[in-house]
2 protein chains.
Amino acid sequence: MSEAENEWLPQPDVEDIELVKVLQALADPVRLSLLKVYATGERFSCAPDALGIAHLHKSTVSHHMKIMREAGLTSTRAVGRNRYVQLRRDDLDARFPGLLDSLLKSLPD
Amino acid sequence: MSEAENEWLPQPDVEDIELVKVLQALADPVRLSLLKVYATGERFSCAPDALGIAHLHKSTVSHHMKIMREAGLTSTRAVGRNRYVQLRRDDLDARFPGLLDSLLKSLPD
DNA sequence: GAGACTGTTGGATGATTGTCAAACGGTACG
DNA sequence: CGTACCGTTTGACAATCATCCAACAGTCTC
C-alpha cells in the first residue's frame, strides 16, 4: 500500500528564521558546499555521492541536513524512504533580502 | 616621548579573505552585535562598555577582536595603549559584493 | 514475509570554542 | 621612577560540534 505520503519535516516559520542560526548553519565547509548544490534549484535526496560529500558517513549527512533545516535554510519532504531537500529560496529572500544572492555570488567556484 | 606609532595589526589581504572564515566569525551573537556597532563607520577602542558588551571580560573581548580581524572583517590600528578597530567595508564589498549590505539589513534592530 | 534500501537515533570520541582569571607587556602620566 | 591604564597571552574549564559506528525504523521489492 502506502501511496507516497508526502510529509514535510518540521521547520521554522519564515518569521522565526534567525540570522545567527543561518550563519551558524553556513559556518561549516560541508554545509556551505551543500548550499551551492541546492542553489541549482533541484531537489536532492540525501545520498552523499550526489551531494559531493561521498567521504562522509550517512549519519553525518543526516546531521548536517537537520542543522540546515532547523536553521530555516532548507525544507525536506519525506517520500517513501527518501528525503527530498531543497533550498527555501523565497522564504530566505523574504526574510533577508539579497542575502542569499550575495552569498551564492561569493561562493568559490 | 613615544609619538603615537600608528601600527596596523596583521590582517589577511583582500584576496585572501575566505567566505567560510567570515561566516564563522559572524556565527556568534557577540560578534554579530559587534558588526552592527562597527557598521556605524566609527572607530572604536576595545572598551567593553562602549561596544555594548559590558558583561564580558576584557580578555574575551580581545579574543573576539582577534577572530574578526583574522577573518578579514575588521582592521586594527595600535595607537599608544589603545587599539582602534573599524570595519573593512571597502575590502569586503570588493571581495563579496553586496554581502555586507544585506547582512546589515538583516540584523535585528 | 525476507531482504535490501534510505535515512534517523544514540553513544562515543577528539577537536574546537566561548568564557574567565591571572599574569604579563607597553604606554601614559604623575 | 612608580603607578595606573589598555590590551594580549596563557591556562583552565565547560559546552558545543563534526564525525564515525552500530542499532533501529520505515519502505520498497521480490
Side-chain angles (χ1 to χ4, degrees), chain A residues 1-11 18 20-35 43-71 74-86, chain B residues 1-11 18 20-35 43-71 74-86:
Chain A
M1 210 55 37
S2 82
E3 89 181 41
E5 355 115 10
N6 213 315
E7 196 173 328
W8 293 92
L9 269 56
Q11 64 179 37
E18 292 175 38
V20 190
K21 289 272 180 65
V22 169
L23 294 176
Q24 284 171 346
L26 295 178
D28 175 271
V30 171
R31 293 192 292 265
L32 200 52
S33 80
L34 289 179
L35 178 71
R43 286 167 292 116
F44 286 88
S45 82
C46 299
D49 303 42
L51 296 171
I53 46 176
H55 56 107
L56 289 180
H57 198 275
K58 55 178 182 170
S59 63
T60 305
V61 177
S62 182
H63 171 240
H64 286 305
M65 296 301 177
K66 188 178 181 183
I67 290 185
M68 295 186 77
R69 177 170 45 83
E70 292 182 341
T74 57
S75 60
T76 304
R77 208 177 69 235
V79 179
R81 49 188 181 189
N82 294 317
R83 304 296 134 92
Y84 293 105
V85 180
Q86 58 184 345
Chain B
M1 208 56 35
S2 80
E3 87 180 44
E5 355 116 10
N6 213 315
E7 196 173 327
W8 294 91
L9 270 56
Q11 63 179 36
E18 293 175 36
V20 190
K21 288 274 180 65
V22 169
L23 294 176
Q24 284 171 346
L26 295 178
D28 175 89
V30 171
R31 293 192 292 264
L32 199 52
S33 80
L34 289 179
L35 178 70
R43 285 167 292 116
F44 286 88
S45 83
C46 299
D49 304 42
L51 296 170
I53 46 176
H55 55 106
L56 289 179
H57 198 275
K58 56 179 181 171
S59 63
T60 305
V61 176
S62 182
H63 170 242
H64 286 305
M65 296 302 180
K66 187 178 184 185
I67 289 186
M68 296 186 76
R69 176 170 46 83
E70 292 182 340
T74 57
S75 61
T76 304
R77 208 177 69 237
V79 180
R81 51 188 181 189
N82 294 319
R83 305 295 135 92
Y84 294 103
V85 180
Q86 58 183 346

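Proteins get letters first, then strands, A, B, ... in listed order; numbering begins at 1 in each.
The stretch residues 48-69 of chain A comes close to DNA chain C through A:Lys58, A:Ser59, A:Ser62, each having a heavy atom under 4.0 Å from the strand.
The side chain to side chain donor-acceptor pair (under 3.5 Å) check on A:Arg83 picks up nothing, with sequence neighbours excluded. By the side-chain contact (heavy atoms from CB on, under 4.5 Å) test, A:Asp28 is found to be paired with A:Val30, A:Arg31, A:His64, residues two or more places apart in sequence or in another chain being considered. With sequence neighbours excluded, the residues satisfying side-chain contact (heavy atoms from CB on, under 4.5 Å) with A:Gln86 are A:Trp8, A:Arg43, A:Ser75. Taking the side chain to side chain donor-acceptor pair (under 3.5 Å) definition, one finds that A:Arg69 meets it with nothing, sequence neighbours left out.
Rounded to an integer number of Å, the gap from CG of A:Asn82 to P of D:dT27 is 12 Å. Atom CZ in A:Arg77 sits about 16 Å away from atom C1' in C:dG7, given to the nearest Å. Rounded to whole Å, atom C1' of C:dT6 lies 16 Å from atom CD of A:Glu7.
In the set C:dG7, D:dG7, C:dG26, C:dG7 carries the atom at the smallest distance from any side-chain atom of A:Arg83.
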Test side-chain contact (heavy atoms from CB on, under 4.5 Å) on B:Leu34 and B:Met68; report intermediate values, then the result. CA-CA 9 Å; B:Leu34 289 179; B:Met68 296 186 76; 4.0 Å; yes
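For the pair A:Ala27 and A:Arg81, both in contact range of DNA chain D, the more 5′-proximal nearest nucleotide belongs to A:Ala27.
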Using residues 47-63 of chain B as the side-chain source, report each donor-acceptor pair under 3.5 Å to any protein atom, sequence neighbours left out, with the distance given to one decimal.
{"from": "B:His57", "atom 1": "ND1", "to": "B:Ser59", "atom 2": "N", "distance (Å)": "3.2"}
{"from": "B:His57", "atom 1": "ND1", "to": "B:Ser59", "atom 2": "OG", "distance (Å)": "3.0"}

